[in-house]
Amino acid sequence: MYKEKLENILKNVQKPARYIGGEYGSVIKKNGALRFAFCFPDTYEIGMSHLGMKILYNIINSDDNFCCERVFMPLPDMADAMRKNEILLYGLESLEAIRNFDFIGFTLQYELTYTNLLAMLDLAGLELLASDRNDTDPIVIGGGPCACNPEPIADFFDMFVIGEGEEVILEILQLYKACKSEGFIKSVFLEKAAQIKGVYVPSLYNITYKKSGEIDKIIALKNAPETVKKCLINNINDVLFPDEFVVPFCDIVHDRAVIEILRGCIRGCRFCQAGFIYRPFREKSAEKNLENAVALCENTGYDEVSLSSLSTGDYSEIELLLTKLTNYCNPKNINLSLPSMRIDSFSDDILQKIKSVRKSGLTFAPEAGTAKLRDIINKNITEDEIMKGCKVAFEGGYTSVKLYFMLGLPGETDEDILGIKQLVDKIIELYYNTPNRQKGKQISISVSLSTFIPKPFTPFQFEPQLDKNEVIRRRKLLLSELKNKKVSISWSSYDESLLEAALARGDRRLGQVILNAYKNGSYLDGWEEYFNFSNWEKAFADCQLDMSFYANRRRDYAEIPPWGMLDFLVDRDFLIEENRKAHAGITTPSCREKCAGCGVSRCLGGARLE
């Protein structure tokens, strides 16, 4: 335990509350339980806002045989102090080094955190490559959305959970416990674990490459399944959801009670990875959601409840749930937040519910400036629906709106870019022509531009990302036209987007690139002040690999993708057909309107999960 050493160094680092543990709601267990270090590869403020960590922390700690502790990425001042004072990375609950734990688990939320994984393993005093760690070292396991293509980081991990880990995580821990009682041999445990649905063990797969650089074959070894199917929870209403959260000592990004009201999405936007890898669409009952919200507020004292989902307006009982929640929240002055509202599902009834206590900001994502491009990406919202949603907001007293758009979408032309300007102009005009708007207030519109990034398991996984010069040209075109003082514009860094695209569709050879980048000094790459693109350029060059091969190249339909051994239940043929429909400008209706035959229903035997 590092308590005394920490007391000496914490007074010299920023926000020491990040590193001390002991928060209300944290779970302390006696010795004897199998220990799992849940590592979020970013700062405390970001990791403590993540709902997935809260859910798995609760599930693992609900079993007396296991204990889960939280671990976050220290910022450089703390990391340097830890090295200087010989403090290994530790769990916040026990303040003990995680190298002595049984499992070290990473949630993989964002490709630019990959060097953080190495920094945390390094700070823990462990070898970075899985092949260099022995039977007495912890099992390093990963999961989360980026695990849909774990190949760039496969060399650093013993295993991955593919899909939803709520039910499979305890099965893995129970198998480990049984193997420990029989005399633990890591290779034997991993071979047995590979037979669990949703478990991918990268060392049991051999990858060969063509001279062109494309993958030639993926060969499963030692009875590992040729295809690893993602794991699914059987009933979303029955999943153990936390009735309390660990309440942080310092401000975090999303410091509020969060309830997951549904999982999956019915829409099928062709760029959206989450909309495909989280299929099928499943809803919790209004009663269960209310129960979760009340328990969290009563046990934590939070004064805001956020309804988490990919598209909150698609929840079939949204008005019933909001009525129940406002009946509870209003007398207690608890705010309601709906952060994922599609503009076409935004109604006056919903607005009245969410602003009844106090207003939260409104954010909409048209993604594209013209109907033609919105059809290509299957956004399935019309300009009339956009204007109707904005009108509801303006009549409800809102004077500011944030709009998200993407540059470089497949099929995008200069006309589509200028369409963003025209749409913004129409929204401004609508505001001043709305009789019931808030008088004496100017409208404020924030336009956020991100660069399109092709992601695995989407219809656009085959598409190239635009090169830097073309993205800059298109950005300048919009900026030259959109000069209204009522509009502020921000955009993502192209270098970061290029690297993200390369890592998202990368293969196992990128493991050495990531390792080189870390040795070059890169980590915290998701933070602008720490991102050093030249480190990455050198890392790719030293490995004789090219970012453009991974990011800027169109993939042939017949090409084997790096993630070809994984199955997220959506048919590859369906993704190909959706890509073809995109190029033809043909839309696909939502799952609620008509089943598009993506393959999920067939994989479930026609059953519908609740």
Point to revise | Within 6.0 Å of NZ in Lys581, more than 12 heavy atoms from elsewhere | key: yes
Review point. For the side chain of Lys230 and the backbone of Ile277, is there at least one donor-acceptor N/O pair under 3.5 Å apart?
Key: yes
**Study point:** Test item: Leu409 and Asp416 side chains (from C-beta on) under 4.5 Å apart, heavy atoms
**Key:** no
Review point. Any side-chain heavy-atom pair from Pro145 and Tyr278 closer than 4.5 angstrom?
Key: yes
Point to revise | Salt bridge present between Glu559 and Arg505 (N-O < 4.0 angstrom) | key: no
Exercise for review: Please check if the side chain of Asp571 supplies one atom and the backbone of Asp573 the other of a donor-acceptor pair under 3.5 Å.
Suggested key: no
Review point. How are the rings of Tyr523 and Tyr518 set relative to one another: parallel (under 30°), tilted (30 to 60°) or perpendicular (over 60°)?
Key: perpendicular
Review point. What heavy-atom pair brings Asn516 and Ala539 nearest, and what distance separates the two atoms?
Key: CB-CB, 3.7 Å
Review point. Should Met120 and Met73 count as side-chain neighbours, where that means a heavy-atom distance under 4.5 Å?
Key: yes
Check your understanding: Any side-chain heavy-atom pair from Thr413 and Lys372 closer than 4.5 angstrom?
Key -> yes
**Study point:** Backbone of Leu373 reached by a side-chain donor or acceptor of Thr370 within 3.5 Å
**Key:** yes
**Study point:** No-hydrogen, no-angle side-chain donor-acceptor test under 3.5 Å, Asn520 and Trp536
**Key:** no
Practice item. Evaluate the side-chain proximity of Leu510 to Leu545: yes if any heavy-atom separation is below 4.5 Å, no if none is. Key: yes
Check your understanding: Should the heavy atoms of other residues, nucleotides or ligands under 6.0 Å from CG of Asp251 be counted, would the total exceed 12?
Key -> no
Check your understanding: So does Glu415 have more than 12 non-hydrogen atoms from other groups sitting under 6.0 Å from CD?
Key -> no
Study note, to complete from the structure: salt bridge (charged side-chain N to carboxylate O under 4.0 Å, His left out) test vs Asp414 passes for just one of Lys421, Arg474, Arg475, Arg473, namely Arg473
**Study point:** Candidates Leu407, Ile420, Ile472, Ile417 - the one meeting side chain to side chain contact (heavy atoms under 4.5 Å, CB included) with Leu477
**Key:** Ile417
Exercise for review: Give a yes or no on whether a salt bridge exists between Arg554 and Glu463, defined as a side-chain N under 4.0 angstrom from a carboxylate O.
Suggested key: yes
Revision key, fill the gap. Between Gln273 and Cys148, the two heavy atoms sitting closest are NE2-SG, 3.1 Å
Check your understanding: At their closest point, which heavy atom of Asp255 faces which heavy atom of Pro248, and how far apart are they?
Key -> OD1-CG, 3.7 Å
Exercise for review: Report yes or no: is the cationic atom of Lys54 (NZ for Lys, CZ for Arg) under 6.0 Å from the centre of the six-membered ring of Phe245, at an angle within 45° of the ring normal?
Suggested key: yes
Review point. Could you go step by step and tell me if Ser493 and Asp495 meet the side chain to side chain donor-acceptor pair (under 3.5 Å) rule?
Key: CA-CA 6 Å; Ser493 159; Asp495 289 343; 5.1 Å; no
Review point. Between Asp384 and Lys388, is there a side-chain N and carboxylate O pair less than 4.0 Å apart?
Key: no
Review point. Can a salt bridge be assigned to the pair Glu429 and Lys426 using a cut-off of 4.0 Å between side-chain N and carboxylate O?
Key: no
Review point. If we only count heavy atoms from C-beta on, is the Leu482 to Val487 side-chain gap below 4.5 Å?
Key: yes
**Study point:** Arg282/Glu260 ion pair, N-O < 4.0 Å
**Key:** no
Check your understanding: Under 3.5 Å, side chain of Ser522 to main-chain N/O of Asn535, donor-acceptor pair present?
Key -> no
Review point. Which residues satisfy the side chain to side chain donor-acceptor pair (under 3.5 Å) test with Asp542, sequence neighbours excluded?
Key: Lys538
Revision key, fill the gap. In short, Asn579 meets Pro459 closest at the heavy-atom pair ND2-O, 2.8 Å
**Study point:** Rounded distance (nearest 0.5 Å) linking atom OH of Tyr550 with atom CG of Asp507
**Key:** 3.5 Å
Exercise for review: Any chance you could lay out the side chain to side chain contact (heavy atoms under 4.5 Å, CB included) test for Phe276 and Phe568, step after step, and finish with the verdict?
Suggested key: CA-CA 8 Å; Phe276 289 93; Phe568 274 76; over 6 Å; no
**Study point:** Atom pair SG (Cys543) and CZ (Arg509), whose distance is rounded to the nearest 0.5 Å
**Key:** 10.5 Å
Practice item. Nearest 0.5 Å please: distance from the OG atom of Ser308 over to the CD1 atom of Ile261. Key: 8.0 Å
Review point. Checking Asp467 side chain against Glu470 main chain: does a donor-acceptor pair fall under 3.5 Å?
Key: yes
Exercise for review: Mark yes or no for whether Arg279, through its side chain, and Cys598, through its backbone, hold a donor-acceptor pair below 3.5 Å.
Suggested key: no
Point to revise | Geometric class of the Phe157/Phe106 ring pair [parallel <30°, tilted 30-60°, perpendicular >60°] | key: perpendicular
Practice item. Determine whether the aromatic ring centres of Tyr557 and Phe462 lie less than 6.0 Å apart. Key: yes
Review point. Would a distance-only check, ignoring hydrogens and angles, find a side-chain to backbone donor-acceptor pair under 3.5 Å from Glu164 to Ile233?
Key: yes
Exercise for review: Just do the side chain to side chain contact (heavy atoms under 4.5 Å, CB included) check on Arg70 and Met53 with the steps written out, would you?
Suggested key: CA-CA 9 Å; Arg70 296 162 297 130; Met53 169 177 267; 4.2 Å; yes
Point to revise | Under 3.5 Å donor-acceptor, Gln438 side chain and Gly397 backbone | key: yes
Review point. Is there a side-chain contact between Leu108 and Phe160, using heavy atoms and a 4.5 Å cut-off?
Key: yes
**Study point:** Straight-line distance of Lys391 NZ to Ile427 CD1, nearest 0.5 Å
**Key:** 14.5 Å
Point to revise | Spacing of Asn149 atom CG and Leu503 atom CG [to the nearest 0.5 Å] | key: 9.5 Å
Check your understanding: For the atom pair OG (Ser444) and OH (Tyr431), what is the distance rounded to the nearest 0.5 Å?
Key -> 10.0 Å
Point to revise | Result of checking Asn378, Asp314, Thr588 against Arg267 for side chain to side chain donor-acceptor pair (under 3.5 Å) | key: Asp314
Point to revise | Intermediate values then yes/no, side chain to side chain donor-acceptor pair (under 3.5 Å), Asn289 and Tyr315 | key: CA-CA 11 Å; Asn289 283 319; Tyr315 181 63; 3.1 Å; yes
Exercise for review: Assess whether salt bridge (charged side-chain N to carboxylate O under 4.0 Å, His left out) is satisfied between Glu367 and Arg374, documenting all intermediate values.
Suggested key: CA-CA 7 Å; Glu367 309 293 1; Arg374 287 194 293 274; over 6 Å; no
Review point. Would you call the rings of Phe457 and Trp563 parallel, tilted or perpendicular if under 30° counts as parallel and over 60° as perpendicular?
Key: tilted
Exercise for review: Check Pro366 against Lys379 and note the closest heavy-atom contact, atom names and distance.
Suggested key: O-CG, 3.9 Å
Point to revise | Intermediate values then yes/no, side chain to side chain contact (heavy atoms under 4.5 Å, CB included), Lys15 and Thr43 | key: CA-CA 11 Å; Lys15 293 190 178 181; Thr43 64; over 6 Å; no
Check your understanding: Shortest non-hydrogen contact from Cys265 to Cys591?
Key -> O-SG, 4.4 Å
Exercise for review: Examine distances only and state if a side-chain atom of Ser306 and a backbone atom of Val258 form a donor-acceptor pair shorter than 3.5 Å.
Suggested key: no
Check your understanding: Is there side-chain contact between Met547 and Gln465, with at least one heavy-atom pair below 4.5 Å?
Key -> no
Point to revise | Of all pairs that satisfy salt bridge (charged side-chain N to carboxylate O under 4.0 Å, His left out), the ones with a partner from residues 517-526, not counting sequence neighbours | key: none
